[in-house]
Amino acid sequence: MLDPKLYREDPEQVRAALLRRGKGFDLDALLRLDQEKRALGAELDGLKAERNSASEAIAQLKRSGGDAAAAIEKTRSLGNRIKEIQDKADAAEENWRSLALLCPNLPHASVPDGKSSADNKVVKTWGEIPSAEKSFPDHLEIGAKLKLFDFERGAKISGRGFPIYTGMGARLERALINFFLDFHVASGFTEISPPQLVSRASMTGTGQLPKFEEDMYRCGDDDLFLVPTAEVPVTNMHAGEILDAASLPLSYCAYTACFRREAGSWGADTRGFLRLHQFDKVEMVKFSLPEKSYGELEKLREQGEELLRRLELPYRVLELCTGDLGFGAAKCYDLEVWAPAEKKWLEVSSCSNFEDFQARRADIRAKIQGKPLFVHTLNGSGLATPRILVAFLENHYTEKGTVRLPTVLRPYFGGLEEIGPP
RNA sequence: GGAAGGGUGGCCGAGAGGUUUAAGGCGUCGGUCUCGAAAACCGAUUUACGGGAAACCGUAACGUGGGUUCAAAUCCCACCUCUUCCGCCA
């Protein structure tokens with residue numbers, strides 16, 4: 001949610017910033033609703049002030065033993081008038097809020113202009129990309145040979161997009177999750193194991209709702225949502241709190257399964273592990289002082305990059321352009337790994353600074369110089385496993401028909417150096 | 001799932017329709033005293049929205065949302081949540 005003062009005081013600047021994103025948002029409607037809400041609020045406050053002083057007069061009259069019946073009768077109609085305006089004011093407030101929740105965040109000034117993912121800026125590339133001539137077995141073929149996963153049976157149980165990991169595949173999945181968490185904890189992050197079903201309020205706090213409800217799995221009887229990312233429960237841990245400024249930045253990491261309906265996104269990149277309804281991810285979440293948040297964003301990105309280097313996977317870093325920026329993000333880096341058989345870059349992490357966009361929705365503040373101010377929230381995948389698995393198998397497949405394990409993963413396999421056929 | 005009892009400021013805790021401007025205590029900050037500190041004493045100590053150049057003024061908030069009333073922390077209803085007990089259960 002945007003700070004209303006921004007568009008009240010300088011609507012043209014907000015309009016220009018929103019326009020950089022490309023997608024239309026009706027700022028004029030928001031301004032109109034804001035105006036309406038404030039006008040009714042002022043009228044209501046005046047009427048209530050009138051009633052308060054009338055009530056006080058009645059109290060005094062009664063205390064001194066006088067007859068208040070006439071005064072009470074006179075004040076009664078004021079009550080009806082207040083109720084009427086109150087209803088209008090409530091409706092105006094609700095209209096304003098519904099629209100305000102649909103307004104995306106403003107991009108940071110440093111974010112490059114652009115219309116789509118084609119305009120994202122490559123800021124860094126690491127590792128060696130094999131020549132395009134050379135052909136590689138893809139992850140499905142490797143997985144089949146080594147019996148690492150079973151898509152058919154997964155589909156039988158739940159439908160497509162719900163893979164089963166089997167044998168060494170399951171172990172590799174678990175090893176990756178543990179490696180990620182262990183690395184973050186060693187770097188000073190606090191590990192969280194959060195609820196994986198969350199309330200509507202939590203989903204609204206981080207910005208998944210109300211706009212993206214059709215992409216979420218919902219348990220209707222209880223109005224709970226399966227988490228699409230650990231960002232939701234971990235960020236909302238501090239909803240409604242005033243944090244100790246001295247404790248910032250707070251750095252958390254959490255593993256959860258992630259559930260996404262991916263409504264409307266079928267058709268492209270849906271083979272194998274490339275797009276799933278359920279997948280595993282370790283997420284990093286930070287709460288920062290406003291003036292420190294962009295420094296924290298760089299650190300978050302570096303934290304993700306280090307995982308990729310240790311897994312010995314070639315990767316690149318993209319700075320997303322204004323047109324590709326997520327709904328709540330002010331600035332975002334994507335990490336992509338190279339999959340040699342797919343001959344594609346695969347997104348495995350998104351590191352975003354939301355500034356106070358989520359903090360405003362979820363009411364997360366810190367007392368800064370005596371004043372409670374909204375903190376900045378950040379999050380980044382560190383990392384999501386399915387596409388890591390694709391790149392991992394394709395990059396580390398050996399001529400012997402085995403998958404070589406980088407040294408950092410070997411402790412999770414009792415020292416084993418490679419994964420062979422069962 | 002059933003029963004009972006709770007939810008009040010940063011914290012503890014009183015208040016049971018109008019002298020609440022939420023007592024009292026703790027904590028925190030400032031001051032007096034002191035070489036300095038402690039103690040004691042004095043004072044201050046929520047937030048949001050609206051108006052105003054400012055001083056300040058108005059409104060709201062006692063778990064949440066409704067209702068009754070001229071007037072609600074206080075009465076009524078629903079819900080959330082905590083504690084205890086019972087039932088079920090990994």
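Proteins come first, then strands; the chains are lettered A, B, ... in the order of their sequence lines, and each starts at number 1. Atoms considered below: every heavy atom in the structure, side chains included; atoms not considered: hydrogens, waters and symmetry mates.
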Tell me: [atom1] of [X] to [atom2] of [N], nearest whole Å?
X	N	atom1	atom2	value
A/L78	B/U59	CG	C1'	14 Å
A/I85	B/U59	CD1	P	17 Å
A/D45	B/C49	CG	P	13 Å
A/E93	B/U59	CD	C1'	13 Å
A/E56	B/G58	CD	P	12 Å
A/M1	B/C49	CE	C1'	13 Å
A/L373	B/A48	CG	P	9 Å
A/L47	B/U59	CG	C1'	11 Å

How far does the [atom1] atom of [N] sit from the matching atom of [M], given to the nearest Å?
N	M	atom1	value
B/C76	B/U20	C1'	23 Å
B/G30	B/A37	P	11 Å
B/G58	B/U21	C1'	15 Å
B/A3	B/G9	C1'	33 Å
B/U34	B/G52	C1'	45 Å
B/A22	B/A61	P	14 Å
B/U84	B/U69	C1'	36 Å
B/C12	B/U64	C1'	24 Å

Item to check | Under the ring-ring contact (aromatic ring centres under 6.0 Å, His included) test, residues paired with A/F183 that sit two or more places apart | outcome: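 So A/F183 forms no ring-ring contact (aromatic ring centres under 6.0 Å, His included) with any residue.
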Checklist entry - Taking only residues two or more places apart in sequence or in another chain, which ones pass ring-ring contact (aromatic ring centres under 6.0 Å, His included) with A/Y294? => result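 Result, ring-ring contact (aromatic ring centres under 6.0 Å, His included) vs A/Y294: A/H108.
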Item to check | Side-chain ion pair, A/R309 and A/E302, N-O less than 4.0 Å | outcome: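 Counted as a salt bridge, because a side-chain N and a carboxylate O are separated by less than 4.0 Å.
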Checklist entry - So does A/R97 pair up with A/E93, basic N to acidic O under 4.0 Å? => result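 So A/R97 does not pair with A/E93 through a salt bridge.
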Checklist entry - How does protein contact run along nucleotides 65-74 of chain B, one letter per nucleotide 5' to 3', with B for base contact, S for sugar-phosphate only, - for none, heavy atoms under 4.0 Å? => result ---S-BS---
Next on the checklist: Test: ring pair (Phe, Tyr, Trp, His ring centres under 6.0 Å). Region: residues 42-87 of chain A. Which pairs qualify, not counting sequence neighbours?
Outcome noted: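 For residues 42-87 of chain A: none.
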Checklist entry - Would you call the rings of A/H139 and A/F273 parallel, tilted or perpendicular if under 30° counts as parallel and over 60° as perpendicular? => result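 Aromatic pair A/H139/A/F273 classed tilted.
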Item to check | Bracket notation of RNA chain B in which parentheses pair within the strand, [ ] cross earlier pairs, and | pairs with another strand (Watson-Crick or G-U, under 3.5 Å) | outcome: ((((((((.[[[..)..(.....]]]((((((.......))))))((((((....)))))).[[[[[..)....]]]]])))))))....
Checklist entry - Between A/S53 and A/K5, who's closer to the 5' end of RNA chain B by nearest nucleotide? => result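 That would be A/K5.
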Item to check | Upstream residue (5' side of RNA chain B) when A/K367 and A/R8 are each assigned their closest nucleotide | outcome: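 Its nearest nucleotide being more 5', the pick is A/K367.
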Next on the checklist: Counting only heavy atoms not in A/R15 (residues, nucleotides, ligands), do more than 12 fall under 6.0 Å from its CZ?
Outcome noted: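 Atom CZ in A/R15 is crowded, with more than 12 foreign heavy atoms closer than 6.0 Å.
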Item to check | Neighbour count above 12 (heavy atom, 6.0 Å) for A/E241 CD | outcome: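 Atom CD in A/E241 is packed in, count exceeds 12.
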Checklist entry - Which residue pairs pass the side chain to side chain donor-acceptor pair (under 3.5 Å) test with at least one member in residues 185-200 of chain A, sequence neighbours excluded? => result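 For residues 185-200 of chain A: A/S187-A/Q303, A/S199-A/S202, A/R200-A/E213, A/R200-A/D223.
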Next on the checklist: So, applying side chain to side chain contact (heavy atoms under 4.5 Å, CB included) with A/F180, which one of A/V185, A/D280, A/L311 is it?
Outcome noted: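 With A/F180 as partner, A/V185, A/D280, A/L311 yield a single side chain to side chain contact (heavy atoms under 4.5 Å, CB included), made by A/L311.
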Checklist entry - Can you tell which of B/A60, B/G51, B/U47 lies closest to the side chain of A/K48? => result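 Selected nucleotide: B/A60.
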Item to check | A/N52 vs B/G58: side-chain N/O to OP1/OP2 distance below 4.0 Å | outcome: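 It does not, given that no N or O in the side chain of A/N52 lies less than 4.0 Å from OP1 or OP2 of B/G58.
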